[in-house]
Amino acid sequence: MPPVAIPLTISFPGIESVQSVVATDRHGITPSFFVLNVLPQASIPAQLGDLAIGSGANVRIWRDCLVDAGTATFDQNGFITSLAIMDRRWRWQYGSVSGAYNVRDRAGNLISAEDEEDDPQGNPYVDTERTPQALCEILLRAMGETDFDIDDVPQDVRPEVEWDRDNPASELARLCDIIGCGIVLQPDNRVAIRVLGQGQDFPPGLVDSDAPTFDPPEIPTTIEVISEPTQYQWDFELEAVGLDRDESIKLIDDLDITPDQDADGNATRGWIDFDPVLGFPGMDEDDRELAKLSVYRWYAIKYPFSYPDRNLPNAGEFRHKEEIVLLDRQVDERITYNKGGTDQKDPLVYGVWWDDNKGRQLARRVGVNPLAVTTKSPNVVPVSFTIEREKQIVMFSEPVYAFADKDGNLEPNNNTDADFYHPAVLRLRTSFYFRNPSRAYRGISRERATGSGLRTQPLIVRRRDIFPSKWVDFEGTTAFSQGVLRDNFDKIRPEMDAFLDSVEQSFAPKTSGVRRYIGIVPVRLDGALRQATYEMNAAGPRTTIQRHQDTGSATSTPAELMRHYERSRLVDKLIDDARGKQQQLILERKAAE
Amino acid sequence: MTTVIGQYHWLPFRNDSGEDAPAHAVMRVTGTAVVGDQQVITVDKPNATFQRYYAINSTAAVPDGRVGRCTFGPPAIVRYDNSNTPAFGETWGAKPSSWDIFRGRPGFNILGVFTNTRVPTINLVHTLTYPVDVIKCTPDSNITAGSSGTASIYMNGADTTDMNITLFNDWPDNGQTLSAAKETIARFFGDESDGDGEWHQIERECE
């Protein structure tokens with residue numbers, strides 16, 4: 001190769017004579033590295049400065065570069081000093097950013113200004129919604145950037161982020177991964193966010209070698225986006241249960257401890273003869289302890305029950321507790337105190353029970369009427385409780401009971417006293433997940449055919465931030481069978497479809513490869529041109545450009561991530577090998593001395 | 001309005017009446033007993049022996065021989081006889097062989113009728129109980145000076161024979177016999193004689 005006739009430019013403050021340089025400009029938040037081999041000189045180069053590399057008029061200047069390390073090597077060319085220089089992205093390792101944006105409530109709804117309203121205490125509602133562009137701007141400013149190009153950043157998603165004095169550059173890289181973008185330091189010294197996969201073709205120039213790669217995407221026949229399990233809300237009928245001598249849980253009248261006689265051997269009529277508030281005095285003492293723990297305190301979900309959703313197996317009839325996973329929250333939402341958001345209401349129990357504080361027991365038709373049951377309703381039991389989700393039992397902190405006549409009638413005719421203890425007639429309003437016999441949960445899914453001829457199984461993509469829910473609206477009804485089934489599916493389907501779009505787009509075919517040019521070919525990286533390496537040495541200047549390939553920048557698809565991972569391992573191995581050899585040389589030299 | 005049913009001081013009792021003690025029943029105390037490991041008071045249906053105070057059952061009926069909760073008030077919700085309607089300021093009290101309180105008897109100051117939503121035919125009334133220390137009565141027979149006899153308590157403004165006390169005619173007797181049917185004011189003294197508490201005449205109708 002004849003010597004290059006055009007003048008070369010390699011300059012850095014304090015460096016007198018550069019023998020060769022390798023400069024790699026790439027995507028991402030880690031600095032591009034430049035390795036300069038310089039002849040020995042008396043003065044020490046500046047630590048900070050602008051690095052200029054180019055030929056003729058094609059000179060690229062990297063501002064604010066930092067000398068990272070210098071090493072002296074002795075080889076057949078004599079002493080060579082190598083300097084490692086980083087572009088100005090070295091500053092991005094510093095700084096912090098805090099904030100929580102695009103926050104979802106437990107129902108998966110974005111806490112935004114859309115339904116803005118102050119909470120009951122008058123605290124202003126906090127709007128957490130931010131576009132990806134706005135998030136990029138927050139992060140770039142936290143990184144110290146003032147002039148940037150973020151016009152390409154997609155706007156149709158709302159990724160949830162939570163930053164607590166985190167490094168803004170790392171968070172920007174993470175965000176870019178989510179939205180399929182790359183971070184580029186442009187020749188004009190501006191930072192740009194570019195959509196990966198979109199950008200220029202290889203630039204024109206004198207091609208030294210070309211290595212196109214053919215990597216057609218493995219497009220699945222269908223893509224299926226799956227939500228979190230559907231949350232169903234229901235008012236479960238409860239029945240009184242207790243703990244038996246063998247620790248089994250049974251209906252209270254089926255318990256072995258059910259007293260048919262008292263501790264003195266006198267016959268009794270069962271539970272109505274014993275006062276739960278006093279702790280069943282007069283019972284056998286061992287049995288009494290079990291009764292105090294559970295009788296009139298534990299109420300289990302009654303099976304079977306029918307949920308008015310004909311899309312469920314058995315037309316919505318549930319026969320076993322294994323068919324559902326009980327949750328301890330309603331689908332209904334409330335405004336959260338002092339947090340500027342909403343969350344799901346706690347479960348509640350209502351029905352016919354004796355209110356000792358008010359000296360009142362609502363009539364059965366009033367107490368278990370589903371209409372207008374709110375936390376303020378008089379039929380809501382104010383006694384605290386926990387839900388034992390595995391056993392599907394409501395456990396009250398004190399006995400909850402009703403009064404009935406001796407035959408158990410809660411509404412006897414008016415000539416009969418009804419003041420004997422009886423289990424309360426209760427409903428539990430909470431939610432559950434349905435799971436099929438294989439114990440898989442049921443959520444909702446959106447499927448799209450790609451037209452691929454590969455005849456694959458569907459590609460399943462799960463979205464853990466999409467929460468479908470169904471509930472029964474009892475407004476205007478007087479019976480549980482009259483409730484109207486409602487859901488939030490119309491609200492979440494568009495979001496799932498938008499996600500299908502982005503997944504499908506990631507399979508768009510790309511022309512990738514590596515092209516090597518003679519001379520310096522200035523390149524402005526984007527979403528397609530991922531990396532440029534400039535080399536200037538005795539063989540003359542060369543530029544190597546990688547399209548749809550890179551070695552260490554942000555990645556967008558699982559396949560790219562794997563490729564990147566494999567490459568990183570390879571690079572690490574090469575570095576280790578080189579270090580080993582260098583160590584061997586040093587040892588040999590010392591041995592020779 | 002919230003009542004204070006749930007805030008009473010409850011005492012366990014055993015119903016020894018031989019029948020179910022209905023909710024809010026007025027009950028006569030007969031002593032104490034141990035049920036299981038629990039000390040309870042024992043009660044019976046009111047009888048002709050007047051007591052200065054009565055226990056009031058809770059909201060639950062208590063079968064015969066079983067243990068329930070009772071209170072002595074002062075605030076208490078009590079069953080009443082619906083042949084009259086209680087009015088604020090009246091005094092009502094126990095009657096033999098009944099779980100209800102009746103108008104014109106001592107022991108319960110009426111606050112007002114309690115609306116019973118559970119079983120509307122059972123009549124309940126808010127009361128303030130008070131221990132009866134002074135009553136008007138008439139000896140059923142002559143009581144000589146320094147001795148005692150049975151006296152009937154004035155109820156509803158008239159002499160009745162259904163509730164009695166044992167009346168002593170001793171230190172203010174002036175040596176005179178207390179004649180039968182003479183209107184007498186009796187007062188309860190806790191420190192008389194052997195300390196078991198006694199009713200003594202303190203004023204009487206002229207002989």
Side-chain angles (χ1 to χ4, degrees), chain A residues 259 261-289 352-364 366-367 378 382-383 398-399 401-406 409-422, chain B residues 1-8 10-16 19-25 33-42 56-71 75-79 82 99-100 113-126:
Chain A
Q261 60 181 32
D262 63 16
D264 297 328
N266 302 311
T268 70
R269 295 172 294 188
W271 295 111
I272 65 168
D273 275 3
F274 296 89
D275 189 321
V277 180
L278 285 174
F280 306 99
M283 276 185 72
D284 171 83
E285 281 305 310
D286 290 339
D287 291 348
R288 184 183 174 196
E289 291 307 312
V352 182
W353 55 283
W354 172 252
D355 185 344
D356 210 32
N357 278 319
K358 293 183 177 170
R360 180 173 65 184
Q361 178 170 302
L362 295 179
R364 186 182 180 112
V366 176
V383 179
E398 57 188 77
Y401 51 86
F403 285 117
D405 66 14
K406 290 173 186 171
N409 299 312
L410 272 76
E411 291 177 281
N413 67 57
N414 286 342
N415 295 321
T416 308
D417 284 0
D419 37 20
F420 292 93
Y421 290 108
H422 189 269
Chain B
M1 186 185 79
T2 301
T3 67
V4 290
I5 287 180
Q7 300 165 28
Y8 294 144
W10 296 112
L11 291 170
F13 74 91
R14 188 180 69 200
N15 173 21
D16 288 348
E19 60 184 275
D20 294 340
H24 303 286
V34 175
V35 176
D37 60 355
Q38 197 161 8
Q39 183 87 26
V40 301
I41 59 175
T42 52
I56 300 106
N57 190 14
S58 73
T59 50
V62 179
D64 178 45
R66 304 269 75 83
V67 175
R69 291 170 293 149
C70 68
T71 181
I77 295 174
V78 191
R79 303 167 71 97
N82 68 350
W99 300 109
D100 297 348
V113 169
F114 178 83
T115 305
N116 185 356
T117 56
R118 184 153 55 101
V119 185
T121 50
I122 298 175
N123 306 291
L124 300 178
V125 62
H126 276 294

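All chains are named by letter (A, B, ...) in the order of the sequence lines, taking the proteins before the strands, and each is independently numbered beginning at 1.
Considering all non-hydrogen atoms of both residues, A:Gly282 and B:Val35 come closest at CA-CG1, 3.6 Å.
The contact between A:Tyr401 and chain B is made entirely by side chain atoms (from C-beta outward), counting heavy-atom distances below 4.5 Å.
Between chain A and the residues B:Ser58, B:Gly68, B:Gly65, the most heavy-atom pairs under 4.5 angstrom are made by B:Gly68.
The structure places CH2 of A:Trp354 at 5.0 Å from OG1 of B:Thr59, a figure rounded to the nearest 0.5 Å. Rounding to the nearest 0.5 Å gives a distance of 13.0 Å between CZ of B:Arg66 and CG of A:Leu278.
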Working for side-chain contact (heavy atoms from CB on, under 4.5 Å), residues A:Phe420 and B:Asp20: CA-CA 10 Å; A:Phe420 292 93; B:Asp20 294 340; 3.3 Å; yes
